[in-house]
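Working notes, structure below.
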There are 2 protein chains.
Amino acid sequence: MQLLEERIQTAGQVLGENILKVDSFLTHQVDTNLMKEIGQTFAQTFKEAGITKVVTIEASGIAPALYTAEALEVPMIFAKKSKNITMTEGILTAQVYSFTKQVTSQVSIAEKFLSSDDKILIVDDFLANGQAAKGLIEIIEQAGAKVEAVGIVIEKSFQDGRQVLEEAGHQVLSLARIDRFQDGQVVFRQADL
Amino acid sequence: MQLLEERIQTAGQVLGENILKVDSFLTHQVDTNLMKEIGQTFAQTFKEAGITKVVTIEASGIAPALYTAEALEVPMIFAKKSKNITMTEGILTAQVYSFTKQVTSQVSIAEKFLSSDDKILIVDDFLANGQAAKGLIEIIEQAGAKVEAVGIVIEKSFQDGRQVLEEAGHQVLSLARIDRFQDGQVVFRQADL
């Protein structure tokens, strides 16, 4: 997605060896126009796929997932990173290691929102080692629902997330694929969309 | 906002003495159409106010804040509940007690996204004791920016959040105001919008 790659080039900051900071438009401050374009791009690809729900993890996945769900005219569900006291009923859980936060957290979705009739599109902001997406897939499959595909805004192609997901039989579609960082700049691979 | 009150009546669940669960359309599964209506309602009210940014807290505030920002054609910023390793620069922080999670957490916004020229509309999903909004106001004022108003999706009018904010000189506009829970049902007060 050219618009996204251009924004990453102009507004992203490469920090250290493998961190890309995109907090001016995606992970902290959010550009609603860009998010809407992202959502419409995913939705265009899956408009004939019979998607019933879009699933993401709080918090940075919410904006792109919301616009994808809006364009597909289905609900969006964001998995929670910790239990709270209003979440008492049957919940489905998985353990997820966060690369950026360097902690393992429990991710959960209320059982009642997923059924064996559901065909899910996962949307997340980053794909690095694939742990977040793997956790979501685990939860969705516990409910007997089908994961149609995993839509990623920014894939770090030098980490093994895509491989992990593809080897488990899942389709991954990324809007921007980062091959490497070179002299503080981002070098892209050919994106999927 | 009639559409919202109707949804709370039909889909909300009253749990115990003062908890309202709205996880089927706002805090876990999200109804994009309703969120869009909410965003447009806030935006309509503030379209002449010169708002430069919409600010919320992760995670349930993001959806209504995003659509408000889209309709006002300004960026949305979601405050973070914990520091992560990509957030290393100057950050502005406040302590916030969460009623639902029963913990105090640090809320932060990167300094670079707020300036003394900013006129901020805060949007959040719930107003109970006002601690979250108070924390956001504290951060925004640290940056020298102006808080124009606080837009709330669901206000628990039997708690003192509105009073706390109004006594501090802030305008509060709530789309649904809950007077009390009675026999497991929600009784509303006249909403602001």
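Within every chain, numbering begins at 1; the chains are lettered A, B, ... in the order of the sequence lines, protein sequences first and strands thereafter.
Rounding to the nearest 0.5 Å places OG of B:Ser24 at 10.5 Å from CD1 of A:Ile77.
Using a distance-only test at 3.5 Å, with no hydrogens or angles considered, no donor-acceptor pair links the side chain of B:Lys53 to the main chain of A:Gln29. Without hydrogens or angle criteria, A:His28 side chain to B:Phe78 main chain gives a donor-acceptor distance under 3.5 Å.
Chain A forms the most heavy-atom pairs under 4.5 Å with one residue out of B:Met35, B:Glu70, B:Lys36, and that residue is B:Glu70. With chain A as partner, the option from B:Asp31, B:Leu66, B:Val74 having the largest number of non-hydrogen pairs under 4.5 angstrom is B:Leu66.
Transitive grouping of hydrophobic side chains (ILVMFWY, heavy atoms separated by less than 4.5 Å) keeps A:Phe158 and A:Val164 in distinct clusters. A:Leu173 and A:Leu34 fall within the same hydrophobic cluster, where Ile, Leu, Val, Met, Phe, Trp and Tyr residues are linked whenever their side-chain heavy atoms come under 4.5 Å apart, directly or through other members. Residues B:Leu193 and B:Phe25 are members of one and the same hydrophobic cluster, defined by side-chain heavy-atom contacts under 4.5 angstrom among Ile, Leu, Val, Met, Phe, Trp and Tyr. B:Ile154 and B:Leu3 fall within a single hydrophobic cluster, where Ile, Leu, Val, Met, Phe, Trp and Tyr side chains are chained together by heavy-atom contacts under 4.5 Å.
Annotation: side chain of A:Thr27 is in contact with side chain of B:Lys80 (closest heavy-atom distance under 4.5 Å). No side-chain heavy atom of B:Asn33 sits less than 4.5 Å from a side-chain heavy atom of A:Glu73.
Looking at B:Leu26, only its backbone comes within 4.5 Å of chain A, counting heavy atoms on both sides.
Of all non-hydrogen atoms in B:Ala69 and A:Thr32, the two that sit nearest each other are CB-CG2, 4.0 Å.
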